[in-house]
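To start, the structure itself, in C-alpha cells.
Proteins get letters first, then strands, A, B, ... in listed order; numbering begins at 1 in each.
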Amino acid sequence: MWSPPNPREYNAQVWQIVERIPKGRVMAYGQIAALLPTPQGVDDETYRRLGPRWVGAAMRAVKGVKIPWWRVLNAQGQISLPAGSDSALEQRHRLEQEGLIFDAQERLDLAAVGWQPDDESDA
DNA sequence: CGTTTGACTACGC
DNA sequence: CGCGTAGCCAAAC
C-alpha cells in the first residue's frame, strides 16, 4: 500500500468517517474508501484499486487519535492485522466486548453488523 | 542495488 | 467457499 497525494488530509477524512461508526457495528476498508472522493491528481481507476489500501495506511497512522479504529475490518469481515499480534488481539477483544461474535473462521457477518453513514439502524 | 513487504480487493478456478 | 494472483509504489532490508 502506498499513500495518497495528501496523506494528512486523506487520513483526516478517513478518521472522520471512522469516528461515526456506532458501537457494535463495523465498516470495511474499501467501503470507507468508496465514501471518500477521489483525491486530486488521482484518476478514479487508480483510486478504485488503491483506495482501500490508503484507508489501511490511515489506520496505521492512528496513534493517539481518539477514534474507534477497531471497528474497521477487511471486506471479508476479518481483522486485517497480523494474526496473533498484540494489536490484532486487542481489536478482537474490543469488538467482542461490544457484543460482536466471530465465527469459526474468525469472521464477523458484515451483512448483519456492517454499517454506513446513512444507515438508520445504528446505535 | 535487488528483494521484500505492506490495516486491500475483485476475480478466476 | 477457499486459495492464488494481479494491480502497482516506496521504503526498509
Side-chain angles (χ1 to χ4, degrees):
Chain A
M1 74 355 142
W2 315 289
S3 53
N6 189 329
R8 312 300 293 278
E9 186 187 330
Y10 189 76
N11 290 353
Q13 295 183 86
V14 171
W15 297 336
Q16 194 177 307
I17 290 179
V18 175
E19 64 186 358
R20 291 191 51 193
I21 306 177
K23 178 182 178 182
R25 309 301 290 284
V26 301
M27 275 206 259
Y29 300 95
Q31 196 181 354
I32 293 173
L35 291 176
L36 297 174
T38 299
Q40 264 186 16
V42 181
D43 56 274
D44 299 323
E45 173 64 32
T46 300
Y47 184 61
R48 192 171 57 192
R49 292 197 311 269
L50 276 45
R53 304 183 73 154
W54 288 347
V55 170
M59 296 310 284
R60 265 183 297 146
V62 172
K63 294 176 181 174
V65 181
K66 292 184 178 179
I67 58 173
W69 57 267
W70 57 90
R71 295 179 191 154
V72 183
L73 314 172
N74 62 31
Q76 302 171 72
Q78 302 177 296
I79 286 175
S80 257
L81 288 163
S85 65
D86 292 331
S87 47
L89 292 175
E90 180 187 349
Q91 180 168 21
R92 174 165 181 166
H93 177 68
R94 285 177 176 285
L95 288 171
E96 293 183 318
Q97 212 166 321
E98 295 189 347
L100 300 182
I101 302 178
F102 287 82
D103 61 21
Q105 302 156 86
E106 302 294 301
R107 298 180 313 187
L108 288 183
D109 182 0
L110 289 186
V113 300
W115 183 84
Q116 54 182 319
D118 59 296
D119 193 329
E120 297 300 327
S121 64
D122 47 20

*Atom-to-atom span, CZ of A:Arg107 to P of C:dC3 - whole angstrom*: 10 Å
_Output the rounded distance in Å from NZ (A:Lys63) to P (B:dA7)._
11 Å
*Could you work out which one of C:dC8, B:dC8, B:dA7 sits closest to the side chain of A:Pro52?*
B:dC8
*asked:* Taking A:Trp70 as the starting point, is it possible to reach A:Val65 by hopping between hydrophobic residues whose side chains are less than 4.5 Å apart?
replied: yes
*Kindly write out the residues that satisfy side-chain hydrogen bond (donor to acceptor under 3.5 Å, both in side chains) with A:Asp86, not counting sequence neighbours, or none if the list is empty.*
none
*Spacing between A:Trp54 atom CH2 and C:dG7 atom P, to the nearest angstrom*: 17 Å
*Nearest whole angstrom, please: distance from the P of C:dG2 to the CG of A:Asn74.*
13 Å
*What's the CG-C1' distance between A:Asp103 and C:dC1, to the nearest Å?*
12 Å
_Span that lies between the P atom of B:dT4 and that of C:dT5, in whole angstrom_ = 14 Å
*asked:* Between A:Glu96 and A:Arg92 (salt bridge meaning N to carboxylate O under 4.0 Å), is one present in this structure?
replied: yes
*Which part of the nucleic acid, if any, lies within contact of A:Ala28, taking any heavy atom under 4.0 Å across all strands shown: a base, the sugar-phosphate backbone alone, or nothing?*
sugar-phosphate
*Would you mind checking if A:Glu19 and A:Lys66 are paired as a salt bridge, meaning a charged N to carboxylate O distance below 4.0 Å?*
no
_Using OP1 and OP2 only, check whether a side-chain N or O of A:Arg53 sits under 4.0 Å from C:dA6._
no
*Gap between atoms CG and P, on A:Leu95 and B:dA7 respectively (whole Å)*: 18 Å
_As a test of reading the structure: which of C:dG2, C:dC8, B:dA7 is closest to the side chain of A:Gln105, going by heavy atoms?_
C:dG2
*Separation of A:Arg49 atom CZ from B:dC11 atom C1', in whole Å?*
15 Å
*Could you give the CD-to-P distance, from A:Gln78 to C:dG2, as a whole number of Å?*
9 Å
*Describe, in one word, how the ring planes of A:Tyr10 and A:Tyr47 are oriented to each other, choosing from parallel (under 30°), tilted (30 to 60°) and perpendicular (over 60°).*
perpendicular
*Pick base, sugar-phosphate or nothing for A:Gln91, based on heavy-atom distances below 4.0 Å to the nucleic acid.*
base
